[in-house]
Amino acid sequence: MIPRPNRAGIIAALDTGSPQRAEAWAEALSPHVGCLKLGLEYFVANGPAAVARIAARAPVFLDLKFHDIPNTVAGAVRSALALRPAMLTIHAAGGPAMVEAARRAAEEAGPDRPAILAVTVLTSTDAATLATTGVSGGPAQQVLRLARLTLESGADGLVLSPREVPMIRAAHGAAPLLVVPGIRPRGSDPGDQSRIATPEETADAGADWLVIGRPITAAPDPAAAAAAIARSLRP
Ligand code: C5P
């Protein structure tokens with residue numbers, strides 16, 4: 001599994017459907033970040049071979065958020081192993097048997113297996129939206145419930161907002177790998193993110209990896225932006 005950074009490491013989110021753009025970002029950013037995140041937009045447009053080309057440059061976080069019956073998720077994880085991702089996401093809401101199936105399938109890759117990360121409550125989901133799906137009690141309570149369930153079922157870590165990191169560290173200690181989007185360096189445009197924090201605040205709260213997209217990729221010089229964030233995180 002990918003080693004845990006001393007202080008939080010940077011995952012650059014390559015949110016594009018363009019393989020040329022993703023490969024240019026990968027080349028420019030790989031000296032400055034620990035991992036590159038590819039999501040559904042990229043994967044659906046370009047397929048597994050295009051993921052493998054990025055993985056040849058830096059460790060890849062394959063963020064496809066699997067959520068299906070356990071047997072199907074196990075098959076999807078097994079198929080993903082051929083791309084040698086460092087991290088994979090599944091939806092915590094799939095339940096314990098699905099999480100266990102994902103972990104068992106990942107273990108088939110041996111010691112170099114990907115970390116299985118569970119997405120608890122999407123940051124775009126507020127209390128009112130959760131209530132319409134039959135979940136009362138609000139996002140924090142649901143994140144806690146799903147975190148316990150998935151970590152007990154074999155997930156290596158969680159994807160969560162900066163705001164939830166202290167609560168999860170208090171409940172589960174140092175062991176879970178915490179991967180945190182919604183990061184904005186001071187003075188940068190929040191865009192559509194609302195529950196944001198700076199890289200330094202998020203690292204101090206106990207995050208292991210910071211997922212950073214537009215503050216890097218929309219900067220005039222993405223490599224310089226990534227290098228500046230990396231400098232701000234040095235102990
Ligand atoms: O550009 P920005 O820094 O907002 O990108 C954040 C990345 O993290 C995007 O790829 C987004 O899809 C992802 N993400 C998120 N919130 C989550 C899960 C993933 O912003 N809860």
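Numbering of ligands and ligand atoms starts at 1, following listing order. All figures in this text were calculated on a predicted structure; none of them were measured in a lab.
Protein residues with any heavy atom under 4.0 Å from ligand 1: Ala13, Asp15, Lys37, Thr123, Pro181, Arg184, Gln193, Val211, Ile212, Gly213, Arg214, Pro215.
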Please set out all donor-acceptor pairs under 3.5 angstrom arising from side-chain atoms of residues 70-77, sequence neighbours excluded.
none

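Looking at Arg169, its side chain does come within 3.5 Å of a backbone N or O of Gly173 through a donor-acceptor pair. In this structure, the side chain of Arg7 engages the main chain of Leu233 through a donor-acceptor pair within 3.5 Å.
Arg57 is linked by a salt bridge (Lys or Arg N to Asp or Glu O under 4.0 Å) to nothing, counting only residues two or more places apart in sequence or in another chain. In terms of the side-chain contact (heavy atoms from CB on, under 4.5 Å) criterion, residue partners of Leu40 (sequence neighbours excluded) are, by chain and number, Val44, Leu64.
Residues Ile10 and Val211 fall into different hydrophobic clusters, defined by Ile, Leu, Val, Met, Phe, Trp and Tyr side chains chained together at heavy-atom separations under 4.5 Å.
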